[in-house]
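Computation of the quantities below employed the complete heavy-atom set of this structure, encompassing side-chain atoms and omitting hydrogens, waters and symmetry-equivalent molecules. Just so you know, residue 1 is the first one in the sequence shown, and it goes up from there. Counting convention: from 1, in listed order, for ligands and their atoms alike.
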Amino acid sequence: MRALRARFLPRWLPRQWQWEGGPRRAPEERGVECAARSLWCGYNLLRDPRYNKGLAFTESERETHYLRGLLPPAIVSQELQERKIMNNIRQYQVPLQRYMAMMDLQENNERLFYKLLIDNVEELLPVVYTPTVGEACQKYGSIFSRPQGLYISLKEKGKILEVLKNWPERSIQVIVVTDGERILGLGDLGCQGMGIPVGKLALYTALGGVRPSACLPITLDVGTNNKDLLNDEFYIGLRQKRATGQEYADFLQEFMTAVKQNYGEKVLIQFEDFANHNAFELLARYGTTHLVFNDDIQGTASVVLAGLIAAQKLLGGTLAEHTFLFLGAGEAGTGIAELIALEISRQTKAPIEECRKKIWLVDSKGLIVSSRKESLQHFKKPWAHEHETIGNLLDAVNAIKPTVLIGTSGKGQTFTQDVIEAISSFNERPIILALSNPTSQSECTAEQAYTWSEGRAVFATGSPFDSVEYDGKIHVPGQANNAYIFPGFGLGVVMSGAIRVHDDMLLAASEALAQQVSEENFEKGLIYPPFSNIRKISAHIAANVAAKAYELG
Ligand SMILES: O=C([O-])CC(=O)C(=O)O
Ligand SMILES: [Mg+2]
């Protein structure tokens with residue numbers, strides 16, 4: 001037990017400063033030493049979120065760690081603390097208040113924060129993560145109290161390595177980094193995007209079991225083009241337009257080099273919520289030199305593929321028999337499309353170019369077709385198939401007659417009644433995924449999907465929705481969110497000591513997730529298992545990913 005605890009402490013901490021006991025010396029001497037080291041006992045211990053237990057400190061701990069008098073006499077077990085805080089949180093009607101209460105807890109008592117999150121995952125996920133985290137980022141400047149994570153702005157250019165050294169932990173395994181340009185479907189939130197890396201890494205620990213001290217949230221502040229924020233007196237970031245071109249590329253290059261220099265090759269760098277134009281390029285550029293993973297391209301692709309594999313068990317048939325239509329041809333859309341094509345190619349042994357032909361994408365200008373090829377961004381070009389031009393989604397649905405409709409455009413209410421009625425008119429069980437986040441950006445609500453499809457849709461969303469009763473039957477929408485994948489995927493990657501991410505690892509993660517959908521889940525129409533089992537699911541994904549990493553050498 002002692003040895004185990006010691007592993008959770010920073011390396012530089014001498015053994016005698018381990019959690020229980022402490023050094024056996026005269027009280028005066030210990031007091032001086034305690035003050036000199038300033039962290040591990042007394043008043044400072046209560047203010048260190050990593051080790052603070054609040055009223056749960058036992059009598060002997062209070063004695064050993066100079067806590068007498070600093071706490072009221074009652075000793076309150078962690079279980080009781082947990083009940084108290086859940087009661088408090090449930091009193092708050094406004095989601096943002098719940099978010100702030102949780103962040104406060106994370107800043108005060110990390111163990112209790114994670115205990116709460118693990119034990120009440122279905123209730124608290126929408127609080128610390130999508131959708132509430134989106135609102136928190138929008139208002140981050142106003143609710144900001146204590147900084148979380150590491151802020152690296154253009155002011156630190158030339159000194160990024162030094163900035164990394166200011167972070168108190170040395171053994172980092174996972175970094176989640178954003179530049180805040182495309183936060184969920186909310187657009188450019190600049191420096192206030194920090195809520196996303198913080199939230200994602202809270203899930204790395206709660207859902208994936210990665211040590212909190214091994215997780216580092218980073219926001220790269222390269223400016224913002226969001227005028228409201230630039231004029232907001234409470235904005236916490238640089239007040240300038242976004243750096244672009246060479247300046248941006250140089251800044252990112254310095255960051256990526258510094259990370260590898262400081263933490264080595266085995267630290268996983270998860271890119272999160274970068275805008276399309278940078279996301280693809282960063283993944284391509286650093287995929288061959290660093291251990292990088294783009295959650296919005298690869299994580300979302302893996303979770304959607306898992307749902308589609310599970311749907312084959314529910315409906316019968318194979319992936320290759322489907323026709324796919326996407327609304328949105330950005331990171332998520334093209335990322336998912338490519339992974340589906342890859343899986344079909346694996347299953348059928350057909351060349352991937354052939355497999356792509358069953359997959360169609362609609363962007364803001366209409367169906368992506370070959371006559372548009374010249375003007376398309378490079379990541380859209382593989383999807384420009386032969387077809388006449390079509391200007392809108394409804395006409396595309398009627399022309400392509402998809403069996404699967406996937407929304408990834410970041411825009412709400414785009415799966416209209418006409419669209420859903422159309423796809424339901426030529427499919428007994430249309431598969432409809434409304435993936436845009438947060439809830440306000442969802443392509444349609446669960447109620448709309450089930451009502452307009454007369455209860456026949458196999459439906460999942462990016463943000464959580466409640467069950468819907470239609471025609472006397474309860475329909476439970478699944479949550480096709482990358483939170484199913486990245487904690488287990490990341491755990492598998494760092495556990496195996498991999499130094500590069502390979503597409504086969506993503507397929508391994510999808511298969512592992514699809515295997516976790518039970519008969520009971522299928523009976524409710526679900527193509528994802530419930531989040532209540534997420535730690536077991538993540539462990540299973542991690543094992544599959546690690547096994548694949550070993551297999552790949
Ligand atoms: O954060 C989420 O809920 C999923 C995600 O990566 C995004 O929407 O960008
Ligand atoms: Mg994201």
Side-chain angles (χ1 to χ4, degrees), residues 95 99 121-122 124-138 140 174-189 192-204 206-208 217-220 268-276 278-280 282-283 292-304 306-307 326-328 330-336 339 406-412 433-443 460-465 477-490 506 509 513 528 531 534:
Y99 176 86
V121 67
E122 287 186 308
L124 293 178
L125 210 56
V127 176
V128 301
Y129 187 62
T130 305
T132 310
V133 71
E135 190 189 353
C137 289
Q138 289 174 309
Y140 216 65
V174 186
I175 289 173
V176 176
V177 60
T178 189
D179 73 354
E181 191 166 4
R182 195 237 71 196
I183 295 300
L184 310 178
L186 301 171
D188 184 352
L189 298 183
Q192 303 196 161
M194 181 57 105
I196 297 294
V198 168
K200 293 273 175 185
L201 284 166
L203 269 47
Y204 257 103
L207 278 49
I218 298 184
T219 292
L220 300 175
L268 174 64
I269 305 170
Q270 175 167 324
F271 292 120
E272 195 70 50
D273 293 9
F274 283 74
N276 289 330
N278 291 321
F280 289 103
L282 291 172
L283 189 59
V292 292
F293 166 68
N294 184 301
D295 189 33
D296 303 297
I297 300 173
Q298 299 169 300
T300 306
S302 181
V303 79
V304 169
F326 287 77
L327 176 62
E331 295 158 62
T334 60
I336 300 164
L339 203 63
I406 302 179
T408 61
S409 69
K411 287 204 193 67
L433 309 179
L435 300 181
S436 294
N437 293 315
T439 319
S440 60
Q441 309 308 107
S442 188
E443 283 77 7
T461 51
S463 296
F465 277 93
Q479 194 184 345
N481 189 292
N482 48 33
Y484 273 114
I485 290 288
F486 70 79
F489 181 82
L506 298 170
L513 176 55
Y528 292 96
F531 264 111
I534 186 67

Which word best sums up how the rings of Phe486 and Tyr129 line up, parallel for under 30°, tilted for 30 to 60°, or perpendicular for over 60°?
tilted
For ligand 1, which atoms, with element, lie under 4.0 Å from some heavy atom of [X]?
{"X": "Thr130", "answer": "1 (O), 2 (C), 3 (O)"}
{"X": "Lys200", "answer": "1 (O), 2 (C), 4 (C), 5 (C), 6 (O)"}
{"X": "Glu272", "answer": "6 (O)"}
{"X": "Tyr129", "answer": "1 (O), 2 (C), 3 (O), 4 (C)"}
{"X": "Asn482", "answer": "4 (C), 5 (C), 6 (O)"}
{"X": "Asn437", "answer": "2 (C), 3 (O), 4 (C), 7 (C), 8 (O)"}

Point-to-point distance, once rounded to the nearest 0.5 Å, from CD1 of Ile297 to CD1 of Ile336:
11.0 Å
Region of [X] that comes within reach of ligand 1 [heavy atoms, distance under 4.0 Å]:
{"X": "Arg182", "answer": "side chain"}
{"X": "Asn481", "answer": "side chain"}
{"X": "Asp296", "answer": "side chain"}

Could you verify whether a donor N or O on one side chain and an acceptor N or O on the other, from Asn437 and Thr130, lie under 3.5 Å apart?
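Judged by distance alone, the side chains do not pair up.
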Give a yes-or-no answer on whether the side chains of Tyr204 and Gln270 include a donor-acceptor pair shorter than 3.5 Å.
yes
Got a donor-acceptor contact below 3.5 angstrom from the [X] side chain to the [Y] backbone?
{"X": "Thr300", "Y": "Asp296", "result": "yes"}
{"X": "Ser302", "Y": "Ala509", "result": "no"}
{"X": "Glu443", "Y": "Leu435", "result": "yes"}

Between Phe271 and Phe274, is the ring centre distance below 6.0 Å?
yes
If the test is side chain to side chain donor-acceptor pair (under 3.5 Å), which one of Glu272, Gln298, Lys200 qualifies with Asn482?
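Answer to the side chain to side chain donor-acceptor pair (under 3.5 Å) test with Asn482 among Glu272, Gln298, Lys200: Lys200.
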When only distance counts, is Asp273 in polar contact with ligand 1, meaning an N/O pair under 3.5 Å?
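Yes, there is a polar N/O contact under 3.5 Å.
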Using the Mg ion (ligand 2) as the vertex, how large is the angle between OD1 of Asp273 and OE2 of Glu272, rounded to 10 degrees?
110°
Counting backbone and side chain alike, does Asp295 bring an N/O/S atom below 2.8 Å of the Mg ion (ligand 2)?
no
Minimum-distance atom from the Mg ion (ligand 2) among N, O or S atoms of Asp296
OD1
